[in-house]
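Structure record follows, encoded as structure tokens.
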Amino acid sequence: DSGVTQTPKHLITATGQRVTLRCSPRSGDLSVYWYQQSLDQGLQFLIQYYNGEERAKGNILERFSAQQFPDLHSELNLSSLELGDSALYFCASSPLGQGLYEQYFGPGTRLTVT
Amino acid sequence: TQLLEQSPQFLSIQEGENLTVYCNSSSVFSSLQWYRQEPGEGPVLLVTVVTGGEVKKLKRLTFQFGDARKDSSLHITAAQPGDTGLYLCAGGLASNTGKLIFGQGTTLQVKP
């Protein structure tokens, strides 16, 4: 158990819909990261928040957005869903915001868009 | 675009054999991490290497960071069925972010 929690574990929804994925980091960690893992693309970095502010952005689509709240939990919002958005979405956390600190991954949310 | 090329993509070996997984890039990384992932679960950190030429050992696993900090390898001695899984390398960029670039992964199957 990494200490990072994600809800829900599974999500099935239809194209065009909007969903919210939730992540609680390890106690004391200030940074939260979101990743997308699909069979053809591997694990792709989406976005990083550090202490409530956006720190780094990856190949995140405009239909996707995220935020980190004062209690440090984070939400990833996916809208106008397409079949290709079906994937595993992982949240990770680390104590600070720089690359030398290990990231601890949650169990993931499996999103299926039908 | 920073890329990490991992090889081989798939490896199926017998228990007791040795193996090496490679991770190569044209980019310089501030750190290189290796993760192991089980089906349906999140990646679990195995090791972080930060110094060029650094070698770290974790029981039967040996990790090496290239002198130029562009490549890394994972060597497993006397592989066991419990080593089966997806092995991922991830490079941390020399910046003030925690962004990691992941390789495509190596799926290892160790047959008893």
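Quick note on labels: first sequence line is chain A, next is B, and so on, each numbered from 1.
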**Complete:** Cut-off 4.5 Å, heavy atoms of chain B, and the answer for A:K9 is side chain
**Complete:** Here the side-chain hydrogen bond (donor to acceptor under 3.5 Å, both in side chains) pairs for residues 76-85 of chain A, sequence neighbours left out, are A:T20-A:N77, A:R63-A:D85
**Message:** Quick one: does any side-chain atom of A:Q6 pair with a main-chain N or O of A:F105 as donor and acceptor, under 3.5 Å?
**Reply:** no
**Message:** Walk me through whether B:F29 and B:R69 qualify under side chain to side chain contact (heavy atoms under 4.5 Å, CB included).
**Reply:** CA-CA 6 Å; B:F29 293 101; B:R69 290 185 289 131; 5.5 Å; no
**Message:** I'd like to verify something: which residue of A:L88, A:I47, A:L43 has the highest number of heavy-atom pairs under 4.5 Å with chain B?
**Reply:** A:L43
**Asked** What part of B:L32 is in contact with chain A, defined as an atom under 4.5 angstrom from a non-hydrogen atom: side chain, backbone, both or neither?
**Response** neither
**Message:** Checking A:S74 against A:Y33: is there a side-chain donor and acceptor pair closer than 3.5 Å?
**Reply:** no
**Message:** Please classify the contact of B:Q104 with chain A as side chain, backbone, both or neither, using a heavy-atom distance under 4.5 Å.
**Reply:** side chain
